[in-house]
Novice: 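Sharing a structure with you now.
Throughout, protein chains are lettered first and strands after them, A, B, ... in sequence-line order, and every chain is numbered starting at 1. What you see is a predicted model, and the numbers here were worked out from it, not measured in a lab.
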Amino acid sequence: MRRSALVERALDAARLEAEVAHGGAGAIAVFVGTVRDVNDGRPVTAIEYSAYGPMAERELERILEEACASAPALRAVVEHRIGLLAVGEASVVIAVSHPHRAEALRAVETIIEELKQRVPIWKREHYVDGTREWVHAGSSQVTC
Amino acid sequence: MRRSALVERALDAARLEAEVAHGGAGAIAVFVGTVRDVNDGRPVTAIEYSAYGPMAERELERILEEACASAPALRAVVEHRIGLLAVGEASVVIAVSHPHRAEALRAVETIIEELKQRVPIWKREHYVDGTREWVHAGSSQVTC
Amino acid sequence: MELDVLLFASYADAFGARQARVSVSAGATVSDVLQAVLAQMPGKQLPRAAVAVNQAYAPADARVNPGDEIAVIPPVAGG
Amino acid sequence: MELDVLLFASYADAFGARQARVSVSAGATVSDVLQAVLAQMPGKQLPRAAVAVNQAYAPADARVNPGDEIAVIPPVAGG
């Protein structure tokens, strides 16, 4: 069982946790990414998330497929929020369950790492001084 | 910020998650241990958890201290339930937050591993046939 | 051939639109398309981008065909 | 000296009580106490246990003193 979605409303980690819970699960692991009030020393007021929607949903689905192929008893759901998020709000929730804890913990870690590597979602930080910047984590700039 | 407790009521992961959330957090990681309907091929109806209470609470506190020493910006809470738990119920909830995801995920993994190694809590499984057995994961039996 | 290319994030900002039309020769590759897009934004500082063809990442030497859904994917930052 | 030792889980079941009184000589170690407890349950199959003194794990060669809170800790299974 797996499900992924891009959504435009507030995320609810408890709902996703309930979705993966079942009698065969011994472990549930949840990861919530939240908007932090500071990045690289600059105070952040909000983050604007945008996506290449159809591809992002496909890529999320591929990531969950891969996770379930590695751990067949896995149940996994992921929701990523798009739009303007205030400090403290959740941008992504991943919830998984598995009979055993090691597999559950490994799956949630793999899913967030792959999501950050592959899923076409972008964020623009809004700063206290009114400026905004695209976040291109660690990428080198090229001149064209 | 850290807090640990043994409790005798149902656990609420969402409440613990809210407890560690704050504007400085970029990541929240949650682990929930739940009672599985089968163990080593035997159908389980319930698990009875007992503890050496005062030492268990101290040991939980030491584990959180160590986790916070490794990652000073960590906020961590853990609650372990004691008593008779039905299949699907949560026996332990660990919730942590940190500015960065790697530290949050590592902390939750370390805390559950240390808890399972060190905290004086025991469980007795109840089986469909009415029998009960102490779970001594992987320990060798000694004759005295 | 004429191709429409989807742009996102800093690329959409730099171009001033979420879609660019480029002209490339028959047998053009992903790399050729990306160069053609960048040629329309001279002097802009942009991060290195990947390209997706029909909603999956494509290598630089993959051929593109009329009707393909082509998108420039700047460094992603989800999560 | 006489010491009260707390028992848990399979040890409490095997002994039939949650506390055992043992008699050990002055200067006795954690290991001596554990042997004295086990000597009261001849023939019982029990898992190897650790010992806590004053609510912290103690090595086998640690000395015990009158008034110490001593507990036999069978393999734990929390989580």
Novice: Quick check: do A:Leu85 and A:Tyr49 have side-chain heavy atoms less than 4.5 Å from each other?
Specialist: yes
Novice: Side chain, backbone, both or neither: which part of A:Ala27 has a non-hydrogen atom closer than 4.5 Å to chain B?
Specialist: both
Novice: Can you tell me which of A:Pro99, A:Ala14, A:Ala90 forms the most heavy-atom pairs within a distance under 4.5 Å of chain B?
Specialist: A:Pro99
Novice: Given that the side chain runs from C-beta out, which part of B:Ala25 has a heavy atom under 4.5 Å from chain A: side chain, backbone, both or neither?
Specialist: both
Novice: Answer yes or no: is there a side-chain heavy-atom contact under 4.5 Å between B:Lys123 and B:Trp134?
Specialist: no
Novice: Only pairs of heavy atoms separated by less than 4.5 Å count here; which of B:Ser97, B:Gly88, B:Gly26 has the most with chain A?
Specialist: B:Gly26
Novice: Out of A:Ser91, A:Ala102, A:Gly24, A:Gly33, which one racks up the most heavy-atom pairs below 4.5 Å with chain B?
Specialist: A:Gly24
Novice: Checking heavy atoms, do the side chain of A:Val108, its backbone, both or neither come under 4.5 Å from chain B?
Specialist: side chain
Novice: So among A:Val96, A:Val93, A:Val20, which one has a side-chain contact (heavy atoms from CB on, under 4.5 Å) with A:Val30?
Specialist: A:Val93
Novice: Given a strict heavy-atom distance threshold of 4.5 Å, which part of B:Glu109 is in contact with chain A: side chain, backbone, both, or neither?
Specialist: both
Novice: Do B:Ile82 and B:His80 touch side chain to side chain, with heavy atoms closer than 4.5 Å?
Specialist: yes
Novice: Can you say whether A:Val87 sits under 4.5 Å from chain B via the side chain, the backbone, both, or neither, judging by heavy atoms?
Specialist: side chain
Novice: Please say whether more than 12 non-hydrogen atoms of neighbouring residues, nucleotides or ligands are located less than 6.0 Å from CD in A:Gln117.
Specialist: no
Novice: Just one of A:Arg9, A:Glu8, A:Glu89 clears the side-chain contact (heavy atoms from CB on, under 4.5 Å) bar with A:Arg81, so which one?
Specialist: A:Glu89
